[in-house]
Number of protein chains: 2
Amino acid sequence: MSIKDSKIEVEMNRGFLQIMVLLALETPMYGYMMLRFIEKIGYSVEENTLYPILRRLEKNGWLSSRWDVEHDRPKKYYEITEEGKIIRNKLLGIRQKQTGVISKLMKEVNNG
Amino acid sequence: MSIKDSKIEVEMNRGFLQIMVLLALETPMYGYMMLRFIEKIGYSVEENTLYPILRRLEKNGWLSSRWDVEHDRPKKYYEITEEGKIIRNKLLGIRQKQTGVISKLMKEVNNG
DNA sequence: ACAAATACTGTATATCGCACAGTATGTCAA
DNA sequence: TTGACATACTGTGCGATATACAGTATTTGT
């Protein structure tokens, strides 16, 4: 294989990770908690990948955050915003369209 | 909306475009022909996006190409290689896994 | 003959996933 | 009680990609 497999996954993660985060944060969660949650549902993200995504999505106005300093060590809870929901649905729409293209092509490959 | 919609599509295209090209090139095609073909099946790619992808995938050994200079103006026909098929299946596998994660999350969003 | 469509190449840029490096608090076994 | 490990985060830098911008050359339609 001329290109490392890891590189492929990086490419495939692009776009998808946003969807995953925006879907998960229907319920408020802090970063580290999400890492565990994502593993639990059968995927995995790098720590170094998730934290920047959270910051970026917040900067875009798609997430809001608040610090919980009352219990244990400080935790930054994130939650999806209304604008975030709109974007999320848009992303899901694009993905669905792509999935349609893929299945159309797969049919041709099998029949052709 | 704080971020232009076009940017979203760029993100979502990442990874997907490779899959689309690798699936389409089960049948040999040249660049311009593919542009039309992709439109026909209900998607669209920029000329400036497709050509670099074709070159890159060939450089990776996932596509092979040959020039047809016999008819009309010169056309560069591309076709998927065996290695390309392996990669394509890997990409499809990752995408399926992602789809699984998404539907799991969607269920929680609806029930939670 | 002139515009538009065809069919490509080459360079530059912004963005993002992730690597690398670092800070600080809490827990638990030896 | 100390020091290893888990928790919980921040900040900087790099490489790869989608796409913009610019350009070349041939063919077709009017």
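Predicted, not measured: the structure shown is a model, and the values here were computed from it. In what follows, every chain begins at residue 1, and chains take the letters A, B, ... in the order their sequences are listed.
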Peer 1: CG of B:Asn60 versus C1' of D:dT17: gap in Å, rounded?
Peer 2: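 So the two atoms are 12 Å apart, to the nearest Å.
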
Peer 1: Who pairs with A:Tyr51 by ring pair (Phe, Tyr, Trp, His ring centres under 6.0 Å), at least two apart in sequence or on another chain?
Peer 2: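 Residues passing ring pair (Phe, Tyr, Trp, His ring centres under 6.0 Å) with A:Tyr51: none at all.
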
Peer 1: Could you check how far CZ of A:Arg55 sits from P of D:dT10, rounded to whole Å?
Peer 2: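 Rounded to the whole Å, the gap is 5 Å.
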
Peer 1: Going by heavy atoms closer than 4.0 Å, what residues in residues 18-36 of chain B are next to DNA chain D?
Peer 2: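 The answer is B:Gln18.
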
Peer 1: Side-chain N or O of A:Arg14 versus OP1/OP2 of D:dT17: is the shortest distance under 4.0 Å?
Peer 2: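 No, A:Arg14 has no side-chain N/O under 4.0 Å of OP1/OP2 on D:dT17.
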
Peer 1: Can you tell me how far P of D:dT26 sits from NZ of B:Lys75, to the nearest Å?
Peer 2: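 The distance from NZ of B:Lys75 to P of D:dT26 comes to 14 Å, rounded to the nearest Å.
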
Peer 1: Nearest 0.5 Å, please: how far is CE in B:Met29 from CZ in B:Phe37?
Peer 2: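 One finds 4.0 Å between CZ of B:Phe37 and CE of B:Met29.
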
Peer 1: Collect all protein-nucleotide pairs involving nucleotides 24-27 of chain C in which both atoms are nitrogen or oxygen and the distance is under 3.5 Å.
Peer 2:
{"from": "C:dT25", "atom 1": "O2", "to": "A:Arg73", "atom 2": "NH1", "distance (Å)": "2.8"}
{"from": "C:dG26", "atom 1": "O4'", "to": "A:Arg73", "atom 2": "NH2", "distance (Å)": "3.3"}

Peer 1: If you check every side-chain atom of B:Trp67, which of C:dT9, D:dA18, D:dT17 has the closest atom?
Peer 2: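 Looking only at side-chain atoms, B:Trp67 lies closest to C:dT9.
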
Peer 1: May I have the distance from A:Met12 (atom CE) to D:dT17 (atom P), rounded to whole angstrom?
Peer 2: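 Rounding to the nearest Å, CE of A:Met12 and P of D:dT17 are 14 Å apart.
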
Peer 1: Whole angstrom is fine here: how far is it from CD in B:Glu9 over to C1' in D:dA18?
Peer 2: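 In whole Å, D:dA18 C1' lies 12 Å from B:Glu9 CD.
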
Peer 1: Heavy atoms within less than 4.0 Å of DNA chain D: which residues of residues 46-54 of chain B have one? Give them sorted by number.
Peer 2: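 Under 4.0 Å from DNA chain D: B:Glu46, B:Asn48, B:Thr49, B:Pro52, B:Ile53.
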
Peer 1: Under the ring pair (Phe, Tyr, Trp, His ring centres under 6.0 Å) definition, can you give me all pairs with a residue in residues 63-91 of chain A, not counting sequence neighbours?
Peer 2: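 The answer is A:Tyr30-A:Tyr77.
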
Peer 1: May I ask you to say what A:Arg56 touches in the nucleic acid, namely base, sugar-phosphate or nothing, with a heavy-atom cut-off under 4.0 Å?
Peer 2: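 Touches sugar-phosphate only.
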
Peer 1: In whole angstrom, give the distance that lies between atom NZ of B:Lys59 and atom P of C:dT9.
Peer 2: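 Going from B:Lys59 (NZ) to C:dT9 (P), I get 14 Å.
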
Peer 1: With the side chain of A:Leu17 defined as its heavy atoms from C-beta on, choose the nearest nucleotide among C:dG17, D:dT19, C:dC8.
Peer 2: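 Side chain of A:Leu17 sits closest to C:dG17.
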
Peer 1: Just the atom pairs and distances: protein N or O near nucleotides 1-4 of chain C's N or O, under 3.5 Å.
Peer 2:
none

